[in-house]
Structures are given as structure tokens and as C-alpha cells.
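Per chain, numbering begins at 1; letters A, B, ... match sequence-line order.
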Amino acid sequence: MAKDQDKTILKMTVNGEPVEVAVNPAWTLLRVIREELGLTGTKEGCGIGDCGACTVLLEGKTVNSCLVLALQAEGKEVRTVEGLGTEENLDPLQESFIEYGAVQCGFCTPGMLISARALLDKNPHPTTEEIKVAISGNLCRCTGYVKIIQAIEIVAQEG
Amino acid sequence: MKKRGIGYGSMFYGLGYGFSRTDIASATLEISQDGSIIARSGEVDYGQGSDTVFCQIIAEELGVDYSAIKLITADTDVTPDSGPTSASRLTFVGGNAFIKTSRSLKKILNGVAEDILGASDLVFREGMVFSRSAPEKSISFKKLAGRAYARGVPAVVTEWYNNTTQDVDPETGQGDAYATYCWATQMAEVEVDTETGRVEVLRIVAVTDVGKALNPLNCEAQIEGGVVQGLGYALEEEIKEEGGYVKTGTLGEYMIPTSLDIPTIEVHLLEVTEPKGPYGAKGVGEPALIPTPPAVLNAVRDALGLRIHKLPANLENVYHLINGAEAGN
Amino acid sequence: MQSYEYYAPRSLPDALEYLAENAKNCRIIAGGTDLIPALRNEDIHPAFLLNIMEIAEVGGISETEQTVRIGAITTFNDLAESGLIRKEFPILSEMALSVGGPQTRNRGTIGGNIASAAPAADGLPVFLSLDAEVELSSRRGKRNLPLNEAIAKAWTPAWGNDELITAIRIKKLPSGTRTAFYKLARRQAMARSRMTISLILRRDPAGIIEELRFVPGSVMPVPRRMEEIEKLLTGKVPTDELLDQAARAVGEEMVKVTGIRWSTGYKKPVLGNLFRIVLSQLITAG
Amino acid sequence: MNEPKFQCIGRPLPRVDALDKVLGRAVYAGDISFPHMLYGKILRAGVPHAVIEEIDISAAEAMEGVACVLTARDIPGINRYGIAFPDQKVLAEDKVISIADPVAAVAAESPELARDAVKAIRVKYRALPVVTNPHEALAEGAPALHPEGNLFQYVKIRKGDVAEGFQQADIILEDTFQTQVQDHTYLETESGIARMDKQGNLILQTVSQGPFRDRAQVAAVCGLPQNRVRVIRATVGGAFGGKDDVSVQVHVALLAQATGRPVRLVFTREESLTTQTKRHAIEIWSRWGVTKDGKLCAMEGKVYGDTGAYAGLGPFVVKKCGIYLCGPYYIPAVKVDIYTTYTNNIIKSAYRGFGVLQASVVHEAMMDELALKCGIHPLKFRIMNALDVGLDTGTGQVMKEDCGIKATLKKMREVVMNDPTLKTHCEGLR
């Protein structure tokens with residue numbers, strides 16, 4: 001059993017809120033987000049950086065949270081899908097994903113939204129090719145990407 | 001050198017289980033005193049969108065808002081058995097079950113409304129129930145539900161749709177195995193790099209007979225997804241087994257298409273009505289994917305004048321095909 | 001279950017001290033894109049883990065008149081976005097953008113790419129084609145080592161386990177030099193290279209090749225410059241016949257190193273094809 | 001009153017599940033946790049065919065934080081499951097026939113501990129010869145993987161007189177194709193969480209394509225009547241046929257039953273790729289006859305499907321491949337023989353397309369080759385031979401008004417003919 005004396009206190013900011021959590025140095029950021037903080041919107045699809053389902057923003061940049069040790073996030077800012085929008089105040093990308101049919105099974109959706117958000121924060125009016133590149137680290141098996149790309153394009157045009 | 005080719009793939013697909021395998025769906029509707037609706041089905045929406053279509057069907061029949069329906073699915077203590085999610089059967093079998101259920105419930109409510117409004121030509125629409133000839137004779141769906149409850153009429157209805165077919169002759173395989181068939185044709189345009197064996201799919205045109213597109217956005221999305229899954233199969237995806245061991249254990253080795261691997265995809269929905277289908281609808285899940293690999297492989301054949309016999313048409317198989325060593329690994 | 005001590009110093013001396021003390025059982029983590037899967041699979045069991053991502057001296061891209069220094073924790077994305085790199089070494093920008101996906105480019109570092117010494121690493125062959133040097137630091141001091149001497153065999157750097165790769169140094173290229181990077185993979189993103197071509201080319205006004213450097217990637221256990229091919233073409237005008245001859249020789253050279261494997265039937269001719277295509281494009285590009 | 005025919009049907013409405021999914025609040029099985037929850041892990045054979053000489057679980061059981069280690073003798077009900085044919089052992093007894101065969105199941109206080117415990121189990125195997133394709137499986141003297149032999153199913157399709165049909169043909173072509181194994185690659189791996197309630201009912205929240213089918217299998221293994229087992233589907237992250245068969249369900253249920261504590265079991269991606277159901281590799285030979293003016297007159301085929309170590313839905317898949325080998329075309333004389341065999345490969349079962357995909361690769365290839373020989377445009381050739389009202393399929397089903405193949409082909413013809421970039425391609429199409 002992971003003994004508490006093995007654990008280190010990790011301080012970081014998650015979705016704007018400072019958090020302190022005791023972590024084992026072997027844990028990944030993904031594990032801490034999901035199991036310790038209960039933010040299960042971030043998904044694990046492979047655990048080794050091959051699928052992008054666990055994408056979060058670390059200091060504003062997309063990372064596979066399965067490929068970051070929790071302690072590497074010390075003092076840093078993390079943003080997950082839960083920090084993107086609320087039911088009352090959806091991120092325009094969330095609205096667009098709903099309206100234009102970009103969601104099917106939904107398992108890639110949180111990571112996909114995070115990658116799209118990172119793109120638009122940096123480049124509000126990307127080309128279609130730039131959108132494809134931005135989500136090229138996020139696998140989707142249901143949609144064939146077409147409606148996802150379209151949903152992002154629409155926000156980019158309006159944005 | 002880059003060589004271009006065009007190919008077609010057509011398919012048909014028997015919907016449901018066929019061959020006398022049990023193919024049933026049940027559906028339950030329960031109306032609350034305030035007119036809000038709980039629907040129950042044993043079917044699982046694993047991402048394809050059946051929950052939405054079921055809500056649309058109920059809304060269509062009862063004239064209520066589809067997004068306000070609470071649909072509970074696939075809980076063996078709570079929902080009736082509706083059979084598994086497979087064989088492109090959900091819209092057809094589950095949808096028919098919900099049509100039956102909705103119509104039974106509507107019949108009950110209609111009786112109450114006729115009595116209250118003193119009219120028999122009632123329309124259920126946009127949350128209201130009114131007389132077609134005298135629209136001022138009306139009552140809200142919500143109020144009607146409360147009045148029906150007060151009279152003690154049944155508020156729960158369960159119906160059953162049986163799509164089980166006959167079996168075929170065991171000696172010849174001949175017979176009416178399926179209730180209906182789905183149809184689709186796709187066209188692929190590809191470019192083959194003869195110096196590397198790389199096949200790039202430039203464009204897919206997908207024509208699918210969906211019977212009736214209950215939700216065209218959903219149909220398109222299913223087809224686009226199916227096409228890309230089919231592309232993966234045609235070009236790259238392969239679980240390698242050697243001596244009983246599996247050699248492809250990561251998504252870095254087993255590679256499905258990314259957003260940068262997709263071609264232009266044009267979707268055309270055709271509606272050749274199926275009289276037994278819900279509003280004429282058939283299934284779309286499998287017909288979306290099946291024509292893509294043959295279309296792509298035929299396009300490669302068209303480009304090269306040579307045919308792949310051992311799938312997939314990956315770098316090595318295509319290169320060796322061009323250079324006369326197809327049997328190579 | 002993994003159990004190790006984790007240390008994330010902010011200063012290089014602290015890091016080098018820690019490394020020297022625990023050299024035997026210490027692993028260095030930067031972006032973690034290779035190391036974390038290895039930890040997860042329990043391929044490695046370090047007793048100490050040294051995170052160098054918080055050390056400023058190990059990052060940054062800077063230039064002198066003659067050279068460019070790229071800090072070891074420079075990520076592929078940093079590399080792709082650097083104006084200095086785009087100007088001096090567009091081949092590095094192209095390579096950086098071909099690596100993994102956006103998430104891995106945001107994490108993966110060039111130091112890690114070199115230190116992992118994976119046969120399919122994309123950075124390594126490009127840096128080799130640029131005749132890069134690695135800057136190694138330890139409690140004992142600092143030294144520069146030509147990259148082609150820095151990797152002994154696949155997966156194994158040739159430097160001491162108390163040494164930390166702190167930067168890559170590359171001499172600027174003479175004006176008129178052209179470069180090209182090409183990656184053949186099974187898909188367009190998040191794909192390990194099937195083969196890569198890194199080319200550096202300079203010709204005189206008459207079209208004679210003055211200098212050619214060529215490193216194929218993902219075909220040999222340790223990538224290296226194919227000097228035999230470079231020699232074959234240097235000092236000559238690249239005619240079609242000469243290019244075809246060189247393309248065939250590329251495959252032969254590869255087989256000399258690798259021997260015949262299951263993939264040779266494919267890689268041998270295709271590597272030559274790619275070499276010829278990429279070099280021809282470089283020649284005709286202006 | 002001019003009202004449209006439909007109010008809600010036929011409109012591109014947003015999905016009812018999309019809001020929860022974009023907010024990250026849709027609950028998948030791996031997202032669920034309960035207090036005092038344990039983590040499950042399965043030890044798999046790792047060898048394709050072997051006799052088990054010994055299983056030693058003592059070291060694993062002795063580990064601190066390991067709640068239970070189950071082997072075959074700990075199963076309260078039957079040690080069998082299978083979606084259509086119960087030919088799979090929940091936990092291996094005396095032998096294993098695939099690398100994926102579960103040998104022991106562990107529940108522990110953390111995922112890492114469960115993994116360590118599985119590693120601590122020692123199993124002694126004696127290797128047996130391996131069969132890896134249908135021909136090896138059917139060869140004389142091949143080791144029998146199941147008591148009834150390696151040929152799970154043989155099906156015949158016979159329509160009309162094939163010999164006569166080929167006599168009418170001016171052109172006869174034959175060819176063999178080999179398709180590969182495909183993984184479903186849903187982004188969510190197989191997962192589930194099981195617990196007992198205070199009344200002794202077993203509650204299982206899991207990925208599923210058919211919760212009632214899962215319930216029947218779990219109840220039988222746990223030795224409970226079906227009404228004491230409750231299977232609830234969590235949000236499912238894609239399936240495509242790959243979550244039709246039982247994956248985590250029976251094992252996670254057994255672990256919860258044995259420990260009385262909630263147990264979560266989530267497969268790693270590697271486990272999903274190397275042990276779970278896949279699309280069948282099928283070898284298909286076929287011979288086609290056509291008149292010189294382009295009318296199909298006969299087709300003959302042989303289909304060899306490798307369903308791996310267990311049936312899954314394989315017999316239906318492979319049968320469907322043979323049944324659809326004619327494609328959506330009218331052929332008066334048909335003869336197809338369909339073989340489904342066991343091998344020591346991992347299990348193959350349902351996958352979107354269900355055998356018809358493999359058939360379509362073949363019938364569409366042959367249609368193109370025949371069209372070429374006849375000098376007829378491939379699209380036109382398809383239209384000429386397409387099924388239509390009154391014609392029957394290869395299995396003798398007469399088409400009614402819902403026969404849509406010609407409509408799709410003609411629509412395709414319209415699309416390509418209206419495309420100026422395809423002018424040369426359309427020569428001879430009209």
C-alpha cells in the first residue's frame with residue numbers, strides 16, 4: 001500500500017483554484033486529477049501518450065497529463081475540461097461541439113476541447129489546416145473528425 | 001511517381017439478427033402528473049446517437065419537446081430488455097418499439113382529451129393538444145397529464161417490437177433471412193506514391209440509403225466516422241499475430257487515422273422508404289463503414305493496374321505489389 | 001510498484017551535485033515523454049529521479065556570431081516556434097513539427113531525444129547532419145562532445161552517468177546552404193518515423209556540389225552520416241544518372257550496417273528513392 | 001393549416017447526451033468510485049497453448065493490501081461464459097488455449113498493488129503445439145482445442161445450378177484474398193465497477209452493448225439468479241461491436257462478491273489490444289462467371305474464418321461473410337462453403353460490418369475485374385447487375401420496394417458525371 005509517509009505535498013492551481021494534495025512521487029498528473037481531485041472529465045485512453053484523451057493545459061500549453069509526473073506540476077497552473085465552461089456559461093467551443101454534432105461517444109471530447117481551446121487562445125482565426133494540426137494529437141474513433149473540425153472552424157470564424 | 005485512381009465499393013447489409021435469432025425490443029413510457037416524461041429502454045447508446053433518435057420519436061408522436069424527455073437506458077433493474085446494441089438494429093427495432101409505446105400512450109391521453117375538449121380531431125403539437133378544425137379547443141399537454149392522472153387512467157405503457165425472422169433452409173441457406181436490408185455505395189479517389197508505396201486517399205463520396213434520416217446530422221456523423229474507420233482498415237490497421245502472440249500492443253504500433261489523415265468526405269443521404277421502418281428508416285451504423293475499404297482498394301487497383309490480395313494496403317504491401325513481390329511481409 | 005526519491009532543483013550546480021552523489025541509480029527526467037512510459041511499464045527502476053525542467057541554465061536558445069546554442073530542455077515546440085531557428089536551421093523547425101502531436105511537442109525535449117538515443121528518434125539524425133556538439137556538464141566541469149561520438153549504440157549515450165546534457169551547439173551554415181528534412185511515416189501525426197532523410201547541401205555557381213551531408217533516420221541502430229554517399233556526389237554536378245547511382249548506393253550502404261532484416265526488402269529501395277527525391281527537390285528548389 | 005409532415009423527425013437536432021459530454025460530467029465506468037473500493041487485475045496466460053501444471057498464489061495472497069486472489073476453484077457458479085456459446089473459462093483450470101485466457105483475478109487496495117500481486121503469482125506451464133490459421137486447425141492430427149474439434153461451424157449456400165451457370169459464362173475469373181485482424185480502438189478501454197448491496201444483490205456498472213446478456217452470464221458465474229444481479233450501463237466510450245462480448249464483467253463481479261467490497265476493473269490499452277475481441281481475418285476464394293455482355297451468371301466461393309480460441313460471435317460473423325459474398329447483385333447460381341475454425345489466436349467476434357466488410361472487399365474486387373474484362377465501366381457494370389424488385393439475393397430472398405442499391409449507384413453516377421474533374425473517368429458510363 002502506498003504509505004502516507006512516502007507522499008509529498010503538491011501545490012498547484014487547478015481551474016483557477018489553488019489545491020494542495022499529498023501525492024506519491026510515482027503518480028502522474030492524470031492520476032492526481034482523476035483520482036485525488038475527482039475531476040474525471042479528463043480521460044485515460046492509453047496511459048502512454050498515444051491518444052490525447054488526457055489532454056489538459058499546463059501553463060496554458062496542451063500536455064498529455066499521463067506523461068507528466070504530478071510533482072512536475074508543482075507551482076504550476078492546470079486547466080481541465082471542468083474549467084472550460086459551465087452549463088449556464090458554456091465555452092463557445094462547447095456550444096459549437098453540441099450544435100454541430102462533434103460529440104459522439106464523448107470520450108475524446110474533453111481532450112479535444114482542451115486542444116481546440118489552446119489553439120484559439122493563441123490563434124483566434126486559424127486555418128482549417130491549423131485546426132487539423134492542433135487536434136492531431138487527439139485520437140477520435142467515432143466522428144472521423146469532420147464535425148469536430150467544422151465545430152472549431154465555426155467558433156474561429158465568429159471569434 | 002504519383003498515380004491517381006478512382007474506385008467504387010457497394011454493399012448490402014441485412015438489418016437485425018435474422019436467421020430466427022431473437023430480435024426484440026421493448027420500450028416503456030411513463031408520464032408524470034406534471035406531464036414530464038420518463039422513457040425507458042434496454043438499449044445502450046454507446047456513442048452512435050440512439051438516445052437522441054428515441055427522444056425524437058417520442059417527441060414526434062406526443063408533440064412535446066424532445067430535449068425535456070428523460071430517457072433511462074440499459075439498467076436491468078429499471079428498464080425492459082430491448083436486446084443488444086448491434087446489427088445496425090437500434091433505430092429500426094428500438095425505434096419501432098418507441099413508436100408503438102408512444103402511440104399507445106397517446107391513445108390513452110387522446111381519449112381523455114376528447115372527453116375534456118369535446119372534439120375528436122385532436123392534434124398533439126408543441127406541448128399542446130387541440131382540435132384541428134377548431135383550434136381554440138385546446139389543452140396543454142401538461143394539464144392533460146394532470147387531468148388524466150386525476151381520472152386514474154394508466155400512466156405507464158410498455159410495448160414490444162419483435163423483429164425475429166424465419167430461419168433459412170439449413171441445406172441450401174435459402175430463405176427470407178432478414179426483415180430488411182441497408183444499401184450503400186462509395187467512391188474513393190486516391191493517389192499512390194509508387195516510390196514509397198504510400199496511398200493517400202483524397203476524397204470519399206458516400207451515398208447511403210438510410211430509408212429515412214430521422215436525424216440527418218447524426219446520420220452524416222455516423223457515416224463520416226465509418227468512412228474514416230474504413231480507411232484505417234484499408235490502409236494501415238492490422239493487429240499482428242504470430243504463433244498465437246499479439247505483436248501490436250500500443251496505439252503507437254496499432255495506428256488509427258488522425259485528423260491529418262482524413263480526406264474530403266461528401267455524404268449523400270438517400271431515402272428509399274422501408275415500410276416496416278420507423279417513418280421508413282433503416283440502420284446506418286455498419287453501411288457507413290463497409291463500402292470504404294473496397295472503394296479504396298479498387299482505387300489503388302485503378303491507379304496501379306495491380307491488385308492487393310493481402311490487406312491492408314500499407315506502405316510495404318503496396319510497394320511490394322508494385323515491385324512484384326506481393327507475398328513479402 | 002515504482003518507488004524513488006524525486007528532486008527538482010532550480011540551479012544547475014544543485015542538479016549536478018545530486019547527480020554525482022546518486023549517479024548509479026539516478027534517472028534524469030525532462031519532458032518525460034519517453035521516461036514516464038518506461039516507468040509505467042517497469043522497464044526501469046530508478047532509486048532517484050532528477051527533474052531538470054526547472055533549471056533555467058538548461059533552457060533557452062541563444063546565438064553568437066558563429067554558433068547557436070540550444071538548451072537541452074528546449075521542447076520541440078519551442079524549437080518550431082523560434083525565429084532564430086527558422087532563420088538559421090529551417091531543417092530543425094521542419095523536424096520539430098513532424099514529431100508526435102502538439103501535446104508531445106509541448107513536452108518532449110531535444111536533450112531527451114538525444115539522450116534516449118532511440119533508433120527512430122527524429123532529432124538525432126538532423127542534429128548529426130548539422131555536425132552538432134553536445135554540451136555535457138558535471139560536478140567535474142563542462143565539456144563539448146561531437147554528437148557522432150556521443151551515442152555509442154542504440155539507447156545508450158556514451159557519456160558518464162554523472163554528466164548531464166545541458167545544451168546542443170551548432171555552427172551556423174555558410175550562406176547558400178540549403179537543407180531538407182523528410183519524414184515517411186504510417187500516418188501524418190503521432191507516428192514513429194518509418195524513415196527520415198536529413199540533407200545539407202551547398203553548390204557552387206556552376207552547380208557543382210561543394211558540400212553534402214546526409215543522414216538517414218530510423219534505418220540504422222544509431223544514425224550516422226553516410227559519408228560514402230556524400231563522397232560519391234561531392235565535387236560533381238548531380239546528373240540524373242549520378243543521382244540514380246547514388247540512390248542505389250544508399251540502399252547498399254544501409255544493408256552494410258543493418259544486414260538483411262524483415263524490413264530490408266522495403267527499406268533498401270525506398271530509402272534510396274527518398275534520398276533521390278529529396279535531393280532532387282533541393283537541387284531544383286532554386 | 002399547412003403543417004409539415006413531421007415536427008421533430010428529420011431535423012438535424014443536437015444530441016441529448018452532448019451537454020454532459022462537453023462539460024466532462026458524463027460518467028463512464030472508470031469514473032465511478034466508492035468508499036473502500038478495491039482495484040481489480042487479471043492474470044492472463046501469456047502463452048498460447050499449454051497445460052497448467054501448477055498455480056502458486058501464496059506470495060500474492062500474503063502481500064499487504066491484497067484483498068483476494070481468485071482462481072478457478074473459487075467460482076461459486078459455473079466456470080463458463082460466452083456471448084452465444086459458453087466455451088470460455090472464467091478462470092483457467094487445467095489448460096490454456098490463448099495468451100488472453102484469464103488464469104487468476106486479484107483485488108487490492110491500489111492499482112499498483114493489484115499489478116504487483118498479479119506479478120507475484122507463479123504459474124507453471126507445459127507448452128503444447130499451436131495452431132494459428134484455419135488450415136492448420138483443420139489439418140489431420142492438429143491438436144483439438146475444444147472437445148468438439150477445431151471446426152466450429154460449416155455452412156453451405158446453394159442456389160441454382162452452378163455448373164450450368166459457369167457454362168453460360170464467357171468470362172470466368174477466380175482469386176483469393178486474405179483480410180487482416182482489426183481492432184475496434186474505442187477510446188475508452190473496457191471497464192466496470194461492481195459492488196454488493198446490503199441485501200446481497202450484485203450491482204455492476206459497466207461498458208456494455210447488451211446489459212441483459214451480460215447479466216445472464218454474470219449471474220451464472222456468480223451462482224445467483226438473474227434478478228439478484230443488476231447491470232447498469234455507464235456512459236460508453238465507443239464500442240463498434242467490441243463491447244458486445246463480456247470483457248471485465250464476470251471477473252469484476254466475482255471479485256466484488258468474494259470481498260464484499262466495491263471493485264473497479266479497467267483494462268489497460270495494452271490489455272485491450274492484446275486480449276479483447278477483434279475483427280476476423282478471413283481467407284476468401286471465389287470464382288465468378290459473366291457473359292460477354294456483362295450479366296453475372298454464377299459465383300462459387302470458399303470462406304475460411306479464424307475465430308481464435310473461442311467462438312464469440314464468430315460463427316455468425318463468418319457465416320455472414322459467406323452469405324454476402326454475392327454482394328448486392330443478382331446472381332442466378334451460387335455455391336458457397338463457409339468454415340469457422342478455432343485456433344490458438346485471441347478471440348475474434350463482432351465488429352461493425354460483421355463479416356460483410358470482408359465479403360465486400362472480395363465481391364467489389366471481382367466486380368471491378370469482371371467489368372474490366374467485359375470492357376464496361378465499373379459503375380455501369382454494377383448498375384447492370386444490381387439487385388432490384390423481384391430479383392433475389394444469393395440466399396434466395398426476393399427484393400421488395402425497399403431495395404435501394406440501384407438508387408445509390410445511380411446517385412453516384414449523377415455525382416461523378418456532374419464533376420468536371422472526372423470527365424475522363426466517366427467515359428463509357430452513360
**Study point:** Thr235(D) vs Tyr46(B) side-chain heavy atoms within contact, under 4.5 Å
**Key:**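 With C-beta onward as the side chain, the pair stays apart.
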For [X], which atoms come within 4.5 Å of any heavy atom of chain D: side chain, backbone, both, or neither?
X	value
Thr180(B)	both
Asp45(B)	both
Gln229(B)	both
Thr79(B)	both
Tyr233(B)	both
Pro275(B)	side chain
Phe124(B)	backbone
Ala221(B)	neither
Asp51(B)	both
Thr73(B)	both
Ile57(B)	both
Phe19(B)	side chain
Val205(B)	both
Thr250(B)	backbone

Check your understanding: Is the cationic atom of Arg125(B) (NZ for Lys, CZ for Arg) positioned less than 6.0 Å from the six-membered ring centroid of Phe130(B) and within 45 degrees of its normal?
Key -> no
Review point. When you measure from the side chain of Glu60(B) to the backbone N and O of Ile9(D), does any donor-acceptor pair fall under 3.5 Å?
Key: yes
Exercise for review: Please check if the side chain of Gln56(B) supplies one atom and the backbone of Leu214(B) the other of a donor-acceptor pair under 3.5 Å.
Suggested key: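 Present.
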Check your understanding: In terms of side-chain heavy atoms, does Thr179(D) have a donor or acceptor partner in Gln358(D) at a distance below 3.5 Å?
Key ->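 Looking only at side-chain atoms, Gln358(D) and Thr179(D) do not form any donor-acceptor pair under 3.5 Å.
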Point to revise | His425(D)/Tyr8(B) aromatic ring centres below 6.0 Å | key: yes
**Study point:** Sub-6.0 Å ring centroid separation between Tyr13(B) and Phe354(D)
**Key:**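 Ring-ring flag for Tyr13(B)/Phe354(D): false, centres at least 6.0 Å apart.
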Check your understanding: Run the side-chain contact (heavy atoms from CB on, under 4.5 Å) check on Tyr66(B) and Ile58(B) step by step: do they pass?
Key -> CA-CA 7 Å; Tyr66(B) 87 107; Ile58(B) 299 161; over 6 Å; no
Review point. Yes or no on side-chain contact (heavy atoms from CB on, under 4.5 Å) for Ser349(D) and Asp244(D), after CA distance, side-chain angles and deciding distance?
Key: CA-CA 8 Å; Ser349(D) 191; Asp244(D) 220 356; 5.7 Å; no
Check your understanding: Does Asp175(D) have any salt bridge (Lys or Arg N to Asp or Glu O under 4.0 Å) partners at least two apart in sequence or in another chain, and if so, which?
Key -> none
At a heavy-atom separation under 4.5 Å, does [X] approach chain B through its side chain, its backbone, both, or neither?
X	result
Val229(D)	backbone
Val398(D)	backbone
Val356(D)	both
Leu204(D)	neither
Lys156(D)	both
Lys319(D)	side chain
Phe240(D)	both
Lys320(D)	side chain
Asn345(D)	both
Thr176(D)	backbone
Ala365(D)	both
Leu387(D)	side chain
Thr395(D)	both
Met399(D)	side chain

Among the options [options], pick out the one with the most heavy-atom pairs lying under 4.5 Å from chain D.
options	result
Leu289(B), Val296(B), Asp65(B)	Leu289(B)
Gly249(B), Ser82(B), Cys219(B)	Gly249(B)
Gly63(B), Ala59(B), Gly175(B), Ser88(B)	Gly175(B)
Leu217(B), Asp81(B), Asp169(B), Asn218(B)	Asp81(B)
Pro312(B), Gly9(B), Gly226(B), Ala213(B)	Pro312(B)
Asp302(B), Ile256(B), Leu251(B)	Leu251(B)

Point to revise | All ring pair (Phe, Tyr, Trp, His ring centres under 6.0 Å) counterparts of His363(D), not counting sequence neighbours | key: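 Ring pair (Phe, Tyr, Trp, His ring centres under 6.0 Å) check on His363(D) returns nothing, list empty.
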Chain B: which of [options] shares the most heavy-atom pairs with it under 4.5 Å?
options	answer
Ser98(D), Pro378(D), Gly10(D)	Gly10(D)
Leu379(D), Leu19(D), Thr132(D)	Leu379(D)
Arg279(D), Glu188(D), Lys21(D), Glu271(D)	Arg279(D)
Arg215(D), Gln209(D), Glu270(D), Gln178(D)	Gln209(D)
Val236(D), Val130(D), Asp183(D)	Asp183(D)
Asn344(D), Asp392(D), Val415(D)	Val415(D)

Practice item. For atom NZ of Lys247(B), decide whether the heavy atoms of other residues, nucleotides or ligands shown that lie under 6.0 angstrom number more than 12. Key: yes
Exercise for review: Start with the C-alpha gap between Phe12(B) and Thr393(D), add the side-chain angles, then the distance that decides, and say whether side-chain contact (heavy atoms from CB on, under 4.5 Å) holds.
Suggested key: CA-CA 10 Å; Phe12(B) 75 136; Thr393(D) 64; 3.8 Å; yes
Practice item. Run the numbers on Lys406(D) and Trp183(B) for side-chain contact (heavy atoms from CB on, under 4.5 Å), then give the verdict. Key: CA-CA 9 Å; Lys406(D) 271 203 176 151; Trp183(B) 313 89; over 6 Å; no
Exercise for review: To the nearest 0.5 angstrom, please state how far the CZ atom of Arg158(D) sits from the CD atom of Glu171(B).
Suggested key: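 Here the interatomic distance stands at 9.0 Å.
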Check your understanding: If you measure from the Lys or Arg side-chain nitrogens to the Asp or Glu carboxylate oxygens, is any gap between Arg382(D) and Asp368(D) under 4.0 Å?
Key ->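 Salt bridge between Arg382(D) and Asp368(D), a charged N being under 4.0 Å from a carboxylate O: yes.
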